[in-house]
Amino acid sequence: MLVYIRESDKEKIMCNVDEKDIAEHLRIRLKKEQEEKEHKKKEKAEAHLYTIIKIARDEDLKEQIGKNIYFDLVDHEKVHSFRIQKQLPFTSFKEEVAKEFGIPVQFQRFWLWAKRQNHTYRPNRPLTPHEEAQSVGQLREVSNKAHNAELKLFLEVELGPELCPIRPPEKSKEDILLFFKLYNAEKEELHFVGRLFVKALGKPSEILTKLNAMAGFSPNEEIELYEEIKFEPNVMCEHIDKKLTFRSSQLEDGDIICFQKAPVPDGDAQVRYPDVPSFLEYVHNRQVVHFRCLDKPKDDDFSLELSKLHTYDDVVERVAHQLGLDDPSKIRLTSHNCYSQQPKPQPIRYRGVAHLLDMLVHYNQTSDILYYEVLDIPLPDLQRLKTLKVAFHHATKDEVVVHSIRLPRNSTISDVITDLKTKVELSNPDAELRLLEVFYHKIYKIFPPHEKIENINDQYWTLRAEEIPEEEKNLGPHDRLIHVYHFMKDPNQNQQIQNFGDPFLMVIREGETAAEVMERIQRKLRVPDDEFSKWKLAFISMNRPEYLQDTDVVSARFQRRDVYGAWEQYLGLEHTDTTSKRSYTSNQNRHTYEKPVKIYN
């Protein structure tokens with residue numbers, strides 16, 4: 001920041017600042033910030049001396065399952081953590097836990113977590129007395145193969161009849177710790193309801209009464225049991241035979257059993273997901289998609305909860321229903337570009353993708369945004385046609401009207417012009433039209449009438465239609481049709497030429513001087529004398545301007561034929577581009593600007 005001060009105030013302003021010169025609230029704030037900075041610096045310097053221990057408890061499972069998570073047991077980022085010195089004996093850490101949670105040391109039993117081959121994360125085994133006698137740092141190294149700075153533990157606390165902590169039961173190799181989730185099909189809810197030790201040779205049928213009590217069901221309620229095995233990349237949840245032993249069902253410590261009331265065949269209540277596997281499949285694949293109108297690509301219009309496995313037809317039917325549209329085939333969707341944060345250039349073709357997930361994936365990223373359009377005809381019919389957006393420049397009016405021309409793909413430019421004539425206002429009934437390809441304020445092509453439209457791309461180029469002036473219809477043998485572009489020099493880029501505004505074509509006659517050409521340009525563009533006097537005329541070849549004097553013969557500059565295209569040599573009108581600085585009025589000149597645009601679909 002550049003600050004000016006009076007010389008007379010120099011001594012008063014450019015002096016040393018004492019602490020008393022700083023407002024008290026700022027001193028307090030700065031002191032606090034400095035203390036926080038020093039604390040973080042100290043923590044960072046001493047990080048190697050500490051271990052973060054994250055303790056998951058039954059309370060965390062009850063709080064998270066069915067709200068934040070559905071699969072596995074807990075999100076360790078949302079459980080209580082302790083920052084403990086590595087040298088501290090684990091027995092001393094248990095005293096810290098006793099103070100924090102109010103669980104006496106003798107009633108605590110800690111389990112190590114393990115990541116399984118199927119990518120689930122479950123309590124694996126209790127700590128041994130030998131391990132509990134070690135320091136926190138030694139225990140972390142034993143439990144953590146990834147050499148992470150964290151130690152994750154599950155705290156098992158058993159409660160007696162009066163819900164007071166009691167000593168954990170002895171655990172043999174025949175005892176299996178299982179976790180239970182309850183599914184309510186009518187409410188589509190899943191909750192953690194508790195855990196039990198079972199005998200490996202016992203059977204699920206022996207614990208049904210306990211499970212009903214956990215769920216608040218009557219003791220004889222018929223329930224079905226499922227094992228939640230994994231959820232990545234796909235959900236695996238299998239029915240458990242209540243007559244087989246737990247060992248026969250390959251259940252082990254840390255496994256999860258989901259149970260529910262037995263589905264009633266042809267029951268009164270219509271439920272979307274009648275059993276645990278169908279519900280978990282739904283949860284795993286559900287996706288909230290934010291839909292935006294393609295005309296307003298920055299604003300969410302509405303959101304729908306869909307499944308990644310929904311087909312193309314499923315998705316457009318839901319969108320059509322949301323919009324109150326009877327015919328889903330009139331919906332056209334466009335995917336989102338995660339890098340540009342814009343709609344992709346090409347829309348999704350009718351049934352061009354199998355599932356919703358295919359619409360949302362962009363390279364290695366998955367978006368949650370789709371853009372929609374409501375078409376006037378079904379998309380399959382539209383795809384058999386070619387749609388071109390053509391900007392019609394009226395011969396005398398200062399406006400551009402953009403029309404959507406829709407024709408069979410084997411149509412020609414002549415068919416486009418014939419169709420356009422029925423939609424635009426011509427200066428006279430016999431006026432002839434031509435179609436130009438414009439890009440960055442230059443004319444790159446005049447389309448021949450017989451050219452097919454199928455391969456024309458109007459996505460990046462502008463297609464411009466205009467009347468052919470009478471003077472161009474009867475060119476003499478020495479007359480030339482040249483390109484005229486507006487330009488200015490960019491001071492930030494070494495005076496390079498920068499084009500702007502609407503380019504146009506113009507006939508120059510043999511022997512015509514620069515002054516005569518400028519006079520015709522002024523009449524064509526209707527520029528006031530005072531402003532036009534500031535304009536300069538230049539012959540530009542290979543992007544280098546050669547300024548013309550009034551007496552220079554313009555046609556003499558266009559004798560060379562060894563150029564790459566008509567746009568490599570052109571007449572340039574140098575003047576200031578003030579497009580953004582003034583608005584249009586009905587009689588205002590359009591020489592500096594692109595004409596105001598109206599769009600008709």
Side-chain angles (χ1 to χ4, degrees), residues 39-40 42-65 69 72-159 165-179 192 195-197 251-256:
H39 180 67
K40 286 180 181 178
K42 184 181 178 184
E43 273 192 351
K44 191 174 181 180
E46 297 177 349
H48 65 287
L49 302 175
Y50 287 83
T51 289
I52 301 297
I53 304 181
K54 293 187 173 180
I55 303 296
R57 302 181 295 149
D58 289 339
E59 288 83 351
D60 297 306
L61 277 58
K62 287 175 184 173
E63 176 64 28
Q64 294 186 24
I65 294 172
I69 62 168
D72 268 353
L73 292 171
V74 74
D75 178 358
H76 285 91
E77 296 303 313
K78 296 177 180 176
V79 303
H80 196 96
S81 62
F82 298 81
R83 186 170 181 264
I84 303 296
Q85 282 191 335
K86 291 180 180 179
Q87 294 178 342
L88 188 76
F90 189 78
T91 50
S92 300
F93 167 68
K94 291 177 73 173
E95 293 173 4
E96 290 274 327
V97 172
K99 291 178 187 174
E100 184 65 35
F101 297 135
I103 308 295
V105 170
Q106 67 271 25
F107 300 150
Q108 301 173 15
R109 179 155 63 189
F110 290 91
W111 290 65
L112 292 170
W113 292 78
K115 187 169 186 178
R116 297 181 176 178
Q117 287 185 333
N118 62 11
H119 304 295
T120 56
Y121 204 60
R122 308 284 175 82
N124 184 40
R125 63 173 178 82
L127 292 178
T128 65
H130 172 70
E131 286 171 335
E132 289 201 5
Q134 295 178 333
S135 69
V136 167
Q138 289 171 317
L139 184 57
R140 184 192 66 82
E141 289 169 10
V142 168
S143 70
N144 199 338
K145 295 177 183 177
H147 301 293
N148 196 303
E150 296 178 350
L151 172 61
K152 297 183 178 115
L153 299 172
F154 173 70
L155 173 57
E156 175 200 346
V157 178
E158 298 298 331
L159 298 178
I166 60 173
R167 190 178 296 277
E170 291 295 323
K171 182 186 182 310
S172 69
K173 289 184 178 180
E174 292 300 307
D175 294 313
I176 301 173
L177 177 62
L178 298 177
F179 294 81
F192 174 73
R195 51 183 171 73
L196 288 175
F197 280 103
L251 291 164
E252 59 186 38
D253 282 326
D255 279 345
I256 299 170

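Numbers here are sequence positions counted from 1.
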Value rounded to 0.5 Å, distance of [atom1] in [X] from [atom2] in [Y]:
X: Ile69; Y: Phe192; atom1: CD1; atom2: CZ; result: 10.5 Å
X: His76; Y: Leu153; atom1: NE2; atom2: CG; result: 8.5 Å
X: Leu177; Y: Arg109; atom1: CG; atom2: CZ; result: 8.5 Å
X: Leu73; Y: Ile256; atom1: CG; atom2: CD1; result: 4.0 Å
X: Trp113; Y: Leu151; atom1: CH2; atom2: CG; result: 12.5 Å
X: Arg125; Y: Glu131; atom1: CZ; atom2: CD; result: 4.0 Å

### Message
I'd like to check Val105 versus Glu95 (side-chain heavy atoms, cut-off strictly below 4.5 Å). Are they in contact?
### Response
yes

### Query
Is there side-chain contact between Phe101 and Gln108, with at least one heavy-atom pair below 4.5 Å?
no

Kindly give the heavy-atom pair with the smallest separation between [X] and [Y], and that separation in Å.
X: Asp253; Y: Asp175; value: OD1-O, 3.7 Å
X: Tyr121; Y: Lys152; value: OH-CD, 3.7 Å
X: Tyr50; Y: Lys86; value: O-CE, 3.3 Å
X: Glu158; Y: Phe197; value: OE2-CE1, 3.8 Å

### Task
Mark yes or no for whether Gln64, through its side chain, and Asp75, through its backbone, hold a donor-acceptor pair below 3.5 Å.
yes

### Query
Any chance CD of Gln106 has more than 12 other-residue heavy atoms, nucleotides or ligands included, within less than 6.0 Å?
yes

### Glu63 atom CD, over 12 foreign heavy atoms within 6.0 Å
no

### Task
Can you label the angle between the Phe110 ring and the Phe93 ring as parallel, tilted or perpendicular, going by 30° and 60°?
tilted

### Task
Applying ring pair (Phe, Tyr, Trp, His ring centres under 6.0 Å), name anything that partners Phe179, two or more places apart in sequence or on another chain.
Phe154

#### Entry: From CA spacing to verdict: side-chain contact (heavy atoms from CB on, under 4.5 Å), Asp72, Arg122
CA-CA 7 Å; Asp72 268 353; Arg122 308 284 175 82; 2.9 Å; yes

### Task
Given side-chain contact (heavy atoms from CB on, under 4.5 Å), test Leu127 with Leu139 step by step and report yes or no.
CA-CA 9 Å; Leu127 292 178; Leu139 184 57; 3.7 Å; yes

Can you give me every donor-acceptor pair (side chain of residues 54-62, partner residue at least two apart or in another chain, under 3.5 Å) with its distance?
{"unit_1": "Lys54", "atom_1": "NZ", "unit_2": "Glu77", "atom_2": "OE1", "d": "3.4"}
{"unit_1": "Lys54", "atom_1": "NZ", "unit_2": "Glu77", "atom_2": "OE2", "d": "3.1"}
{"unit_1": "Lys54", "atom_1": "NZ", "unit_2": "Glu150", "atom_2": "OE2", "d": "3.2"}
{"unit_1": "Asp58", "atom_1": "OD1", "unit_2": "Arg195", "atom_2": "NE", "d": "3.0"}
{"unit_1": "Asp58", "atom_1": "OD2", "unit_2": "Arg195", "atom_2": "NE", "d": "3.2"}
{"unit_1": "Asp58", "atom_1": "OD2", "unit_2": "Arg195", "atom_2": "NH2", "d": "2.9"}
{"unit_1": "Asp60", "atom_1": "OD2", "unit_2": "Arg57", "atom_2": "N", "d": "2.9"}

### Query
So, are Glu156 and Lys171 salt-bridged, with charged N and O less than 4.0 Å apart?
no

### Task
Inspect the contact between Arg116 and Asp255 and indicate whether a charged nitrogen and a carboxylate oxygen are less than 4.0 angstrom apart.
yes

